[in-house]
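A, B, ... follow the sequence lines: proteins, then strands. Residue 1 opens every chain. Values reported hereafter were calculated over all heavy atoms of this structure, with side chains retained and with hydrogens, waters and symmetry mates removed.
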There are 2 protein chains.
Amino acid sequence: MPDLFPSLKYHDGLIPVIVQDAKTLQVLMFAFANEEAVSLTRSTGYAHYFSRSRNKLWKKGEESGHLQKIVRICVDCDEDCLLYLVEQTGCACHEGYASCFFRTMEGEVILPRLKDPADIYSR
Amino acid sequence: MPDLFPSLKYHDGLIPVIVQDAKTLQVLMFAFANEEAVSLTRSTGYAHYFSRSRNKLWKKGEESGHLQKIVRICVDCDEDCLLYLVEQTGCACHEGYASCFFRTMEGEVILPRLKDPADIYSR
């Protein structure tokens, strides 16, 4: 039962991360992490990612307060994708929905909006 | 309620796809799709992806029979990630587990093996 951290495969320095609510199993969001973000996620117990657009490491909720406490991290068969099972504080999506996946491909909004996005980052 | 297919954002021609069992909500696997794969997924009702390693489009289950019938496709807030909710035939993972995420980061196997991998592709 060797720890899988050393065998994780990064593509251009990044590994995809699926984030799922540990209790409801709702898929909350998707992001990328670099090795430092994965390491910080493990050592702090809170989800960290790497933003391709901002080219920087970030801790989920550092501005919004919508932290993700890690319950378990799973690794896929190819060791090139992670699944964070989390306890989500507030809503995962910056648009104020519990999950970023609040629309169907046909454009139907399938989740209630829990917060006004303007309020999320004006704390 | 505009259809979101035309506004999907691809990175190097690919969009990440999270695959979740529509009934149990278990996260089954992760893959990438190109525009053709997304289009075929919609038109056929069965999950298609694009393999970076083999550089080709593939239909899940075309060899193994482990097809994924689409129940719903969701799009994330940034329109750069998809969530396929599926009815999975057989097991999603080529290693014989229901889900590719059968191990924790610590290396513990948390799912039962349903099939011998050697049997999956010798049909």
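- A/Val38 touches chain B through its side chain: at least one heavy atom from C-beta onward sits under 4.5 Å away, while N, CA, C and O do not.
- Contacts of A/Thr24 with chain B are made by backbone atoms alone, with heavy-atom separations under 4.5 Å and no side-chain atom involved.
- Clustering ILVMFWY residues whenever any of their side-chain heavy atoms sit less than 4.5 angstrom apart, transitively, puts B/Val27 in the very cluster that holds B/Leu83.
- Nearest heavy atoms, B/Met105 versus A/Val75: CA-CG2, 3.7 Å.
- Counting all heavy atoms, side chain and backbone alike, B/Gln20 lies closest to A/Leu25 at NE2-O, 3.0 Å.
- Atom CG of A/Asp80 sits about 9.5 Å away from atom SG of B/Cys100, to the nearest 0.5 Å.
- Of all the heavy atoms in A/Cys74 and B/Ile110, the pair that sits closest is SG-CD1, 3.7 Å.
- Using a 4.5 Å cut-off between heavy atoms, A/Pro2 contacts chain B through its backbone alone, with no side-chain atom that close.
- Only the side chain of A/Glu95 comes within less than 4.5 Å of a heavy atom in chain B; its backbone stays farther off.
- In this structure, A/His94 and B/Cys77 approach most closely via the heavy-atom pair CE1-SG, 3.6 Å.
- Of all the listed residues (B/Leu8, B/Asp76, B/Asp78, B/Leu85), the one sharing the greatest number of non-hydrogen pairs under 4.5 Å with chain A is B/Asp76.
- In this structure, the portion of B/Cys93 lying under 4.5 Å from any heavy atom of chain A is its side chain and not its backbone.
- When the side chains of ILVMFWY residues are joined at heavy-atom separations under 4.5 Å, either directly or via intervening members, B/Ile73 and B/Leu4 end up in a single hydrophobic cluster.
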Fill in: Test salt bridge (Lys or Arg N to Asp or Glu O under 4.0 Å) applied to B/Glu106 and A/Arg72, step by step
CA-CA 10 Å; B/Glu106 291 74 28; A/Arg72 175 184 264 176; over 6 Å; no
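- Residues A/Phe101 and B/Leu82 share a closest heavy-atom pair of CE2-C, 3.9 Å.
- Rounding to the nearest 0.5 Å gives a distance of 7.5 Å between NE2 of B/His11 and CG of A/Asp12.
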